[in-house]
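Worth knowing before you read on, the calculation uses all heavy atoms, side chains too, and leaves out hydrogens, waters and symmetry mates. Worth saying up front: this structure is predicted, and the values here are computed from it rather than measured.
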Amino acid sequence: MIISPPFGGGRAPVLARNTVASSQPLATQAGIEALQNGGNAVDAALATAITLTVVEPTMNGLGGDGFAIIWDGKKLHGLNASGCAPAAWTPEYFAGQSAMPLIGWNTVTVPGMIAGWIELSRKFGKLPFAQLFKRAIAYAESGFPVSPVIARQWREAIPILKNQPGFTESFLIDGKAPAAGQIWRYPEQARTLKEIANTEGEAFYRGSLAKSMVDFAQKTGGVFTLEDFANYQAQWVEPLAFDYGEYTLHEIPPNGSGIVAQMALGILQAANVKQYPANSAKRIHLQVEAMRMAFADAYAFISEPATMGLSPSQLLNPDYLASRAALINHEQAGDHAAGDPHTGGTVYLCAADEAGMMISYIQSNFKGFGSGVVAPGGIAFHNRGMSFSLMDGHPNQVAPGKRPFHTILPAFLTKDSKPSMAFGVMGGNMQPQGHLQFVMRFVDEYLNPQACSDAPRWRIDDAGELTVETSMPNAVVEGLRQMGHDVLVMPANSLDFGSAQAIACLGDDPADGYIAGSDHRRDGLAAGF
């Protein structure tokens, strides 16, 4: 691993025996405080995550979803805390619509994030659950200065969400977003956090908060019932493993989309991507083509396991991935449909402690503030339900109690069955694309986590267009265009490429310490001691 940062304008990595990396400095400090108070990496991650719902409301909220991958010192565990559709969401409920709504109540599934916090704390935490809320409650009550990046995202959300139930009353001041540097306080959210903390989440799913959310939904256009909340349960899952070189990439299995990064890596291995130099147009061309193929398969086949109709192993079958690789023209961009494998707004954070525990964790309201719906007490709901399909017979077709296709994904790398790196990239469909680029930088180019984050990125956006950061070398951009790619170079202040945090091991023993990085594009901070 190359310790020094090779990309101009980047940050130096953080080296420590205990470390936290998140997308917001105040949240990172909350995690460090938990470690210093005797907590472990999971306690630190939870304190950070809880604080993020207050200090970065443009990306996540109390009505969001979450996922985690945990190294407990001996093995990996996966947690799927994504929400389920309410019982009223039958295909007939959406009859006459060609696609799911993008905002509003009919994009809100039962929030799973808080159930995930509870599961993580009970299974792995050392500190009392309520203690993890200390900083979040303090910032909600006393306030914090809003950063320029968050102020910009807040302002840009207003035209889209201002008419959604509860949004203007909850998150605007005289009809405006808080300005950069302005103190934001939300005492009502502090009271909600206290109720969640003191009841260990019981109030949210079966108590007073559940009743308040259901009453609000039924008054303002939602269809939630108390049973929808009471029946929800987060799921412990086996992380999905895929070998790349000498390393193994672990992702949460479907309904998550982590398998997209694994499929693309498999296609690239079969295409012998390393025959082309790092950072070259030829290598990036293959990456883009492999990712387009993987996305085509994902949108055609991925749903929650009960309705997928095939297994993840079929999508990751080496022969199938090799057949996909054979379709790539190494000299020319192509159009790629789904194959036939049947024969065979988000915040990310990570933490590690000197005892060897590591956690890769992500939570999200999906598109910025999410649905725009905000229940009393500052419970801002995600809009993850928009990812369901309304196509009759599609694996991801909406149904009562079903989890939709999910874009948020924590990731973990191991080598020789030992932990190597907890990492993640934020930003809608950028996440599997970011995982692919991060893994190749780390595994093939031997870069440290901060350098992996700082490197110029490309992205296939939601419309299918290839975009690149302004730091991408001109020769690479021109090379891609010559191969038929319509490349859009984004402005320097673009937030379209998400953000990233990562913590890697410096050796085989936790006593050797860790090296951490956090994205310089936003407000991220890695810290340790």
Practice item. Check each of H330, Q275, E331 against K282 using the side-chain hydrogen bond (donor to acceptor under 3.5 Å, both in side chains) test, and report the only one that passes. Key: E331

**Study point:** Ring centers of F442, F438 separated by less than 6.0 Å
**Key:** no

Review point. Rounded to the nearest 0.5 Å, what separation is found between the CD atom of Q235 and the CD atom of E119?
Key: 10.5 Å

**Study point:** Any side-chain heavy-atom pair of M440 and V273 under 4.5 Å
**Key:** yes

Check your understanding: From L310 CG over to N317 CG, what is the distance, rounded to the nearest 0.5 angstrom?
Key -> 11.5 Å

Practice item. Would you mind checking if R324 and D297 are paired as a salt bridge, meaning a charged N to carboxylate O distance below 4.0 Å? Key: yes

Point to revise | Side chains of M1 and L447 in contact at under 4.5 Å (non-hydrogen atoms) | key: no

Review point. Is there a donor-acceptor pair closer than 3.5 Å between any side-chain N or O of N383 and the backbone N or O of K367?
Key: yes

Practice item. Determine yes or no for a side-chain-to-main-chain donor-acceptor pair under 3.5 angstrom, with R292 supplying the side chain and G464 the backbone. Key: yes

Point to revise | Flag, side chain of R403 to backbone of S82, donor-acceptor distance under 3.5 Å | key: yes

Exercise for review: Classify the side-chain pair S360/Y348 by whether it contains a donor and acceptor separated by less than 3.5 Å.
Suggested key: yes

Check your understanding: Between H382 and T109, is any side-chain donor less than 3.5 angstrom from a side-chain acceptor?
Key -> yes

**Study point:** Validation row: V108, F224 side chains within 4.5 angstrom (heavy atoms)
**Key:** yes

Point to revise | Residues I69, I359; criterion side chain to side chain contact (heavy atoms under 4.5 Å, CB included); working and verdict | key: CA-CA 6 Å; I69 300 177; I359 177 170; over 6 Å; no

Practice item. May I ask you to decide if P456's main-chain N or O and E469's side chain share a donor-acceptor pair within less than 3.5 Å? Key: no

Check your understanding: Does T58 reach the main-chain N or O of G368 with its side chain, forming a donor-acceptor pair under 3.5 Å?
Key -> no

Review point. For Q233, does the CD atom sit with more than 12 other heavy atoms under 6.0 Å from it, leaving out its own atoms?
Key: no

Point to revise | E246 atom CD, neighbour heavy-atom count above 12 within 6.0 Å | key: no

Practice item. Assess whether atom CG of D335 is packed by more than 12 heavy atoms of other residues, nucleotides or ligands within 6.0 Å. Key: no

Exercise for review: Output yes when a side-chain donor or acceptor of N365 lies under 3.5 Å from a complementary backbone atom of M59, and no otherwise.
Suggested key: no

Check your understanding: Would you find a donor on one side and an acceptor on the other, under 3.5 Å apart, between the side chain of E465 and the backbone of D461?
Key -> no

Review point. Does a side chain donor of either D65 or N80 reach within less than 3.5 Å of an acceptor in the other side chain?
Key: no

Point to revise | side chain to side chain contact (heavy atoms under 4.5 Å, CB included) between T467 and V487, intermediate numbers included | key: CA-CA 6 Å; T467 63; V487 184; over 6 Å; no

Practice item. For the residue pair F412 and I70, establish whether any side-chain heavy-atom pair is separated by less than 4.5 Å. Key: no

Check your understanding: So which heavy atom on P305 is nearest to which on N255, and how close?
Key -> CD-N, 4.2 Å

Study note, to complete from the structure: Interatomic distance, OG@S257 vs CE@M263, rounded to 0.5 Å, equals 11.0 Å

Donor-acceptor pairs under 3.5 Å, side chain of residues 470-479 to any protein atom, not counting sequence neighbours: which ones?
| residue | atom | partner | partner atom | Å |
| --- | --- | --- | --- | --- |
| E478 | OE2 | R481 | NH1 | 3.0 |

Review point. If only atom types and distance count, is the side chain of S303 paired as donor or acceptor with the main-chain N or O of P395 below 3.5 Å?
Key: yes

Practice item. Report the C-alpha distance between R457 and D519 in whole Å, list the side-chain angles of each, state the deciding distance to 0.1 Å, and finish with yes or no for salt bridge (charged side-chain N to carboxylate O under 4.0 Å, His left out). Key: CA-CA 12 Å; R457 298 177 189 164; D519 210 309; 2.7 Å; yes

Practice item. Compare every heavy atom of T48 with every heavy atom of S22, then report the nearest pair and how far apart it is. Key: CB-CG2, 3.6 Å

Review point. So does R441 pair up with D454, basic N to acidic O under 4.0 Å?
Key: no

Point to revise | Check: H406 ring centroid to F67 ring centroid under 6.0 Å | key: yes

Check your understanding: What do the steps show when you test V398 against L390 for side chain to side chain contact (heavy atoms under 4.5 Å, CB included), and what is the final call?
Key -> CA-CA 6 Å; V398 67; L390 295 183; 3.6 Å; yes

Check your understanding: So, do F497 and W458 have ring centers that fall under 6.0 Å from each other?
Key -> no

Check your understanding: Under a 4.5 Å cut-off applied to non-hydrogen side-chain atoms, are Q314 and Y320 in contact?
Key -> no

Review point. So, T414 versus H250: side-chain donor-acceptor pair below 3.5 Å or not?
Key: yes

Check your understanding: Any donor-acceptor pair under 3.5 Å linking the side chain of Q501 with the backbone of A516?
Key -> no

Exercise for review: Would you please indicate yes or no on a ring centroid separation below 6.0 angstrom for F405 and F388?
Suggested key: no

Check your understanding: What's the spacing between M293 CE and L268 CG if we round to 0.5 Å?
Key -> 10.5 Å

Exercise for review: Using a 4.5 Å cut-off on heavy atoms from C-beta on, say whether the side chain of R459 contacts that of M291.
Suggested key: no

Check your understanding: Taking atom types as modelled, is there a side-chain donor on R384 or T407 under 3.5 Å from an acceptor on the other?
Key -> yes

Practice item. Evaluate side chain to side chain donor-acceptor pair (under 3.5 Å) for E251 paired with H435, printing each intermediate quantity in order. Key: CA-CA 10 Å; E251 301 274 5; H435 285 199; 2.8 Å; yes

Review point. Under a 4.5 Å cut-off applied to non-hydrogen side-chain atoms, are Y514 and C505 in contact?
Key: yes

Check your understanding: Between N396 (side chain) and Y299 (backbone), is there a donor-acceptor pair under 3.5 Å?
Key -> no

Exercise for review: Return the minimal non-hydrogen interatomic distance between G104 and T107, and the atom names on each side.
Suggested key: O-OG1, 2.7 Å

**Study point:** Residue pair T346 / Q363, side-chain donor-acceptor N/O under 3.5 Å
**Key:** no

Exercise for review: Check whether any side-chain heavy atom of S23 sits under 4.5 Å from a side-chain heavy atom of D523, and report yes or no.
Suggested key: no

Practice item. Give the C-alpha distance, both sets of side-chain angles, the deciding distance and a yes or no for side chain to side chain contact (heavy atoms under 4.5 Å, CB included) between V20 and L349. Key: CA-CA 7 Å; V20 178; L349 61 98; 5.6 Å; no

Review point. Between V237 and I252, which heavy-atom pair has the shortest distance, and what is it?
Key: CG2-CD1, 4.1 Å

Practice item. Locate the shortest heavy-atom distance separating A380 from F171; write the atom from each residue and the value. Key: CB-CE1, 4.0 Å

**Study point:** Heavy-atom pair with the smallest gap, counting every atom of A261 and L249
**Key:** CB-CD2, 4.5 Å

Check your understanding: Strictly by modelled atom types, are N60 and T53 linked by a side-chain donor-acceptor pair under 3.5 Å?
Key -> no

Practice item. Check the side chains of Y244 and D444 for a donor-acceptor pair under 3.5 angstrom, ignoring hydrogens and angles. Key: yes

